[in-house]
Amino acid sequence: MAITTNVLATRNVVKLDAVNVSFISSFPGKLNHFLARRLPQSMTRRVQTSCCYRETSLKAVTLFEMPQTETSSVSDGVGILHFSKGKNYLVTGANGFLGKVLIEKLLRASPEIGKIFLLIKSEDQESANRRLYDEIITSDLFKLLKKIHGSSYEAFMKSKLIPVTGDIGEDNLVIKSVTAAKISGEIDVIISCAGRTTFDDRYDFALNVNALGPGRLLRFGKGCKNLKLFLHFSTAYVTGKKEGTVLETPLCIGENITSDLNIESELKLASEAVRKLHGNEEIKKLKELGMKRAQHYGWENTYTFTKAMGESVIHNQRGDLPVVIIRPSVIESSYKEPFPGWLQGIRMSDPIILAYGKGQMSDLWGDYKSLMDIIPVDMVVNATIAGAAMGKHSRGVSELKVYNVTSSSHANPLRLGELMDLSRQHLCDSPFTETFMELERMKFHSSLEGFTSSIFNRIAKHERGDADSHTALSMKGKRRLNYFVSLARTYEPYTFFRARFDDTNTKRLIQELSVEEAKMFEFDISGIDWVHYIVNVHLPGLKREHFKERSR
């Protein structure tokens, strides 16, 4: 699909400093106190809103390159580069958003790293090799590495990244026995990054991958004679419906998970449902079953429920193996590395922003003051690499360490209403559509009934014009209404988020870093300038990804 330069370029370049405050004055009415709170922080340096969606130039991002002469100077702190030097990794989920950013940073920051074996779900080795090339080596995410290595880039990548056909959804990972025997003697670190992330996923699939998958990978790891660490990506919301402070505590059935939960019983329940259901109703009923079981036990959705089971399996089966669990909150586009605003796919908060920016939705079931716990993907990756290196200090002591990589525990967390106000300002200046659209300020509803009624009236008015808005909707209108109501139900735990995530372990990890490590592996969330990140980084990145997906 052709995209005109009118759409790609912002109509106004907005500068935010002590002299030019057109960004501030463009908000109609009184500036809300959340945005006003940001101004001193944002004014300390010149912030320019450049909403052009052309590809970020390599020249602009070379600040984040890490030449070997610099990395070799690190001699204290956690010892991140020393730990990664010569180490061999096995990574699952490498083709996903988080996995790709992790691999990029490992290769760029630690060029002397050993091999990174990538478990790739594919029919055969040839298709695995093709996926490695098409989805990773040629990805624009790796353009800094390509610039660093020049003509030897592909040779470097192929020498470091070794595709292995396998599937965490199958017993023994279906890795060929010859391959398994070979790589099991080489692997030092396993990183479990694969998972099913749909909130209302069908229950049988989510159980198989999210609950049982980590256990299968862990069992393989126990057969790796040189394995030093097992690292697993979970989610900060894994503890279920909570208020107050959510601690960095490992999950264990019978302790902080009710002993009434039995994973084997849940598997039998899902299997029985699959046996009974057939045809068009199968997927719908299995999705409903997952949500019903999750909410019965106190979780928001199938995703967080099955991820909790996966954590408990690791806790129960790890034995004396050191384990690190990373619990990020809402992962969004990169803050700085390898360049600002990189995104793959439409992430958690983005469907609402997209619908809002297109004028399809000006209502939200949520609390304006609710915490919106967003974390840039590069900060998650940096915390992960540091946490893995910190694991070496266990010195034979079996430990399971949990790190909440989150933003809500800091002094100035992002609020839901602030996110939508910033989105409105940016999208009025640089809309998704080819025609200018003055967006209404998002209206927040405390009840689902009020939200549904308002959405119904808007759709009806669009269909009928000045006619009675209470007349029946068209089939298309009903589908739109059902979509927005479904979206509201899905996001309700997050648009009314009442808790804060404790990140004591993560803060301690930051304190352990040397000065060089803190610069090279930045994940101090308290340093995020939210106005800059949302307006200048994330929303332009979201637009690039949105237009890319539409053109496919």
Side-chain angles (χ1 to χ4, degrees), residues 80 83-107 109-122 124-125 127-129 131-132 135-137 157-195 209-210 212-234 310-311 313-314 317-326 380-381 384-392 400:
I80 298 173
F83 173 75
S84 60
K85 185 176 180 179
K87 295 291 191 304
N88 296 317
Y89 290 70
L90 172 65
V91 180
T92 66
N95 302 79
F97 173 54
L98 178 59
K100 277 186 185 177
V101 180
L102 173 65
I103 290 167
E104 194 278 341
K105 184 59 181 279
L106 283 172
L107 293 176
S110 308
E112 295 182 355
I113 195 173
K115 298 173 184 176
I116 305 178
F117 297 99
L118 308 179
L119 191 70
I120 297 178
K121 186 177 179 179
S122 54
D124 50 38
Q125 191 62 48
S127 62
N129 294 339
R131 285 194 67 187
L132 170 64
E135 299 175 30
I136 296 178
I137 293 177
M157 295 291 277
K158 289 177 180 178
S159 71
K160 297 293 184 181
L161 305 180
I162 314 298
V164 176
T165 60
D167 185 357
I168 65 166
E170 299 287 343
D171 290 337
N172 301 319
L173 308 178
V174 292
I175 300 176
K176 290 183 178 179
S177 56
V178 175
T179 304
K182 180 179 182 299
I183 68 174
S184 64
E186 301 183 49
I187 294 168
D188 299 287
V189 179
I190 290 179
I191 299 181
S192 169
C193 195
V209 174
N210 294 342
L212 300 186
R216 297 184 182 112
L217 190 62
L218 186 65
R219 284 192 293 276
F220 177 82
K222 287 185 173 182
C224 299
K225 60 183 179 181
N226 295 318
L227 188 67
K228 299 168 180 62
L229 183 75
F230 184 92
L231 187 145
H232 175 68
F233 281 104
S234 186
E311 276 201 31
V313 168
I314 292 171
Q317 297 181 4
R318 70 186 181 90
D320 59 357
L321 180 66
V323 169
V324 168
I325 292 179
I326 305 293
V380 177
V381 162
T384 299
I385 295 172
M390 193 67 182
K392 79 178 190 303
L400 195 162

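When a residue number appears, it is its place in the shown sequence, counting from 1. Fair warning: this is a prediction, and the values are worked out from it, not measured in the lab.
The nearest pair of heavy atoms linking Ile136 to Ala94 is CD1-O, 3.9 Å. Annotation for Gly221 and Ile190: closest pair CA-CD1, 3.4 Å, computed over non-hydrogen atoms. Residues Asn226 and Gly185 approach most closely at ND2-O, 2.8 Å, considering heavy atoms. Listed here is the closest heavy atom pair of Gly195 and Asn210: CA-OD1, 3.4 Å. Closest of all the heavy-atom pairs between Ile314 and Phe230 is CD1-CE2, 3.9 Å.
Looking at Asn88, its side chain does come within 3.5 Å of a backbone N or O of Lys115 through a donor-acceptor pair. Put simply, the side chain of Gln125 gets close to the backbone of Pro163: a donor and an acceptor are under 3.5 Å apart. In this structure, Lys100 contributes its side chain and Glu135 its backbone to a donor-acceptor pair below 3.5 Å.
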Met157 vs Leu107, side chain to side chain contact (heavy atoms under 4.5 Å, CB included): CA-CA, chis, key distance, verdict: CA-CA 9 Å; Met157 295 291 277; Leu107 293 176; 3.7 Å; yes
Verdict with supporting geometry, Ile175 and Leu119, side chain to side chain contact (heavy atoms under 4.5 Å, CB included): CA-CA 9 Å; Ile175 300 176; Leu119 191 70; 3.8 Å; yes
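Test Leu90, Ile162, Val164, Ile103 against Leu118 for side chain to side chain contact (heavy atoms under 4.5 Å, CB included) and you get one pass: Ile103. Across Val101, Ile116, Thr384, a single residue satisfies side chain to side chain contact (heavy atoms under 4.5 Å, CB included) together with Leu106, and that is Ile116.
Within the 4.5 Å cutoff, no side-chain heavy atoms of Lys121 are placed close to those of Asn95. Leu321 is listed as a side-chain neighbour of Leu218, based on a closest heavy-atom distance under 4.5 Å. For the pair Thr92/Leu173, no side-chain contact is recorded, criterion being any heavy-atom separation below 4.5 Å from C-beta on.
Residue Lys160 qualifies as enclosed at atom NZ: its count of foreign heavy atoms under 6.0 Å is above 12.
Both the sub-6.0 Å distance and the 45° axial angle are satisfied by Lys87 relative to the ring of Phe83.
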